[in-house]
Amino acid sequence: MEVIMIGVRYFRDREFPEIEIKTCTNSVHASKKHAHEELSIGLVEKGTSVYEYEGRMFEVGPSHLVVIPPEIIHQCSPQSYDHWQFKMLYIRPSWLKIAFGIQTLNYIPTSKMLDAKSIKQTKNLFRILLSNLPLIQKESCLIRDLPGLVNFGHLRDQECFNHYNIEAFRLSQEYLHENFLERITLDNLATITGLSKYYLIRLFNKLCGVSPHGYLTMLRVNYAKRVLLKNKSITDVAAELGFYDQSHFSNTFKQYVGITPDYYRKLK
C-alpha cells in the first residue's frame, strides 16, 4: 500500500508491517525536530542537507547513508527543496531483536559516504522491499544486508556449526522439501529450528551456498520443470508456486534453467 502527498510517499507492506519506507522528492518532509520509534536508514539520492542530532551537525549529499537510532531527536534541513531526493527505511526494533536473536542492540548513529558497490546494493535492497516479491525474499535480503549498513555494535558471528546446528539445518531442509508448494516464511523455519532468522540464513549460506529463499526457489523451479513437461499451463504453474505474475515466474525460471518456461516445454 502506498500513500502519496505532495512529493512525499509512504509505502507499507501488509505482509511485512514491521517496516515502512518513505521517499521524498523536492518537498518538505519534516520541518520540526523529531524522533522515530523505529531504526531509520536513509539514502540521499539528490541534493545536500544538514543533518543534526544530539547537538552535532553533519552535511550529507548524494550517496550518503544516514542511520538514526530509535528515539534520537534529529532534524534534516535540505539546502534546496527544489533539488532534494532521498529514501528512508524505518524498521521496528521488535523485529530486529527477533530477526537477529539479540535482546539488546547497540545502535550507533552513522553518516557516511557509500562506495559504488554499497550504493548499488542499498538501492537494490530498497527496490526489493518496495516490490511485490515474497515476504521470505524481502526478509532474507534485509537481514543479509543490514549488518553492512548498520553498526549494531556486538553481533555475534556464531561460526560454531555443532551437531545441534547441523541437525537444525537438516530439519529446515526437510520442511522445505515437504512444503515448498505452501507459503513459507522465515518465521516458519525459525520456529521449527529454534534459530534466529539471521543465523538461519548464515547457516544455509555456509552449508549449501544459498539462502533459505534461494533453496526454496530452487525446489519450486525443479517442480515446475517436471509439471511443464506434463503440459500444465505456464499460468497455472506460476500461480501454484506462488509467483505474483507469469512474468516473475518466467524471469526466475530463466535465471535457474537458462531458458524460458515456454521454450523449455517445447523442447520435448
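Every value quoted in this text rests on a predicted model; they were computed, and no experiment measured them.
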**Report entry** Minimal non-hydrogen separation, S131 against I128, with atom names
**Finding:** OG-O, 2.6 Å

Requested in this report: Answer yes or no: is there a donor N or O on one side and an acceptor on the other, between the side chain of K22 and the main chain of Y10, under 3.5 Å?
Outcome: no

Query raised in the report: Quick check: does any side chain N or O of T193 sit under 3.5 Å from a backbone N or O of L195, one acting as donor and the other as acceptor?
Result: yes

Requested in this report: State, without any angle test, whether E139 and W95 hold a side-chain donor-acceptor pair at a distance under 3.5 Å.
Outcome: yes

Query raised in the report: Is the shortest heavy-atom distance from the side chain of H74 to the side chain of H34 under 4.5 Å?
Result: yes

Query raised in the report: With a 4.0 Å cut-off, would you call R12 and E20 a salt bridge?
Result: yes

Requested in this report: Name all residues meeting the side-chain contact (heavy atoms from CB on, under 4.5 Å) criterion together with H177; count only those two or more places apart in sequence or in a different chain, and write none if there are none.
Outcome: Y215, L219

Query raised in the report: Should I41 and I73 be counted in the same cluster of Ile, Leu, Val, Met, Phe, Trp and Tyr side chains packed under 4.5 Å apart?
Result: no

Query - Heavy-atom side-chain contact between V8 and T25 under 4.5 Å - result: no

**Report entry** Same cluster (ILVMFWY, side-chain, under 4.5 Å), L130 and Y244
**Finding:** no

Query raised in the report: How long is the span from the CG atom in D262 to the CD atom in Q246, to the nearest 0.5 Å?
Result: 8.5 Å

Requested in this report: Step through the shown structure and confirm whether more than 12 heavy atoms of other residues, nucleotides or ligands are within 6.0 Å of CD on E37.
Outcome: no

Requested in this report: Could you check if a side-chain atom of P78 sits within less than 4.5 angstrom of a side-chain atom of T48, using non-hydrogen atoms only?
Outcome: no

Query raised in the report: Side chains of H213 and I184: does their closest heavy-atom pair fall under 4.5 Å?
Result: no

Query raised in the report: When you look at L149 and L65, which way does the side chain to side chain contact (heavy atoms under 4.5 Å, CB included) test go after all the steps?
Result: CA-CA 8 Å; L149 299 175; L65 183 83; 4.0 Å; yes

Query - Heavy-atom closest pair, residues A238 and D245 - result: CB-O, 4.4 Å

Report summary line: Closest non-hydrogen contact found for L176 with P212 is CD1-O, 4.2 Å

Query raised in the report: Hey, quick one: are L146 and F16 part of the same hydrophobic cluster, counting side-chain heavy atoms closer than 4.5 Å, chains of contacts allowed?
Result: yes

Query raised in the report: For the side chain of D236 and the backbone of K232, is there at least one donor-acceptor N/O pair under 3.5 Å apart?
Result: no

**Report entry** Close side-chain approach of V237 to F249, heavy-atom, < 4.5 Å
**Finding:** yes

Query raised in the report: So, does S49 use its side chain to make a donor-acceptor pair with the main chain of S77 at under 3.5 Å?
Result: yes

**Report entry** Criterion side chain to side chain contact (heavy atoms under 4.5 Å, CB included) on F100 and S196, from CA distance to verdict
**Finding:** CA-CA 6 Å; F100 288 92; S196 71; 5.9 Å; no

Query raised in the report: Can we say K87 and E45 salt-bridge, meaning some charged N sits less than 4.0 Å from an Asp/Glu carboxylate O?
Result: yes

Query raised in the report: Just wondering, do Y199 and N165 contact through their side chains at under 4.5 Å, heavy atoms?
Result: yes

Query raised in the report: Does any donor atom in the side chain of N188 or T191 lie under 3.5 Å from an acceptor atom in the other side chain?
Result: no

Query raised in the report: How does the hydrophobic cluster around M57 look, that is, which other residues are in it when side-chain heavy atoms under 4.5 Å mark a link?
Result: V50

Requested in this report: First locate atom CD of Q173, then atom CG of L207, and finally report the distance between them rounded to the nearest 0.5 Å.
Outcome: 8.5 Å

Report task. Classify the side-chain pair N124/R127 by whether it contains a donor and acceptor separated by less than 3.5 Å. Result -> yes

Report task. Verify the neighbour count for atom NZ of K120: are there more than 12 heavy atoms of other residues, nucleotides or ligands below 6.0 Å? Result -> no

Report summary line: Output for pair (S118 OG, L125 CG), nearest 0.5 Å, gives 12.0 Å

Query - Single-linkage hydrophobic cluster M218~L133, side-chain heavy atoms < 4.5 angstrom - result: no

Query raised in the report: Can you list the other members of the hydrophobic cluster that holds M113, where links are side-chain heavy atoms under 4.5 angstrom apart?
Result: none

Query raised in the report: Could you state the interatomic distance from CG (L114) to OG1 (T122), rounded to the nearest 0.5 Å?
Result: 5.0 Å

**Report entry** Same apolar cluster (I L V M F W Y, side chains within < 4.5 Å links), I98/F204
**Finding:** no

**Report entry** Nearest atoms (heavy-atom pairs only) where V60 meets V44
**Finding:** CG2-CG2, 4.0 Å

Requested in this report: Find the distance between CG (L216) and OH (Y175) and round it off to the nearest 0.5 Å.
Outcome: 10.0 Å

**Report entry** Over all atoms of both residues, closest heavy-atom pair of E15 and R183
**Finding:** OE2-NE, 3.2 Å

Requested in this report: May I ask you to test the L229-Y264 pair for a side-chain heavy-atom distance under 4.5 Å?
Outcome: yes

**Report entry** Y223 and E240: side chain donor to acceptor below 3.5 Å
**Finding:** yes

Query raised in the report: What distance do R220 atom CZ and Y256 atom OH have between them, rounded to the nearest 0.5 Å?
Result: 10.5 Å

Report task. Might you point out which heavy atoms bring T110 and Y51 nearest each other, and give the distance in Å? Result -> O-CE2, 4.4 Å

Requested in this report: For residues I91 and E18, determine if any side-chain heavy atom of one lies less than 4.5 Å from a side-chain heavy atom of the other.
Outcome: no

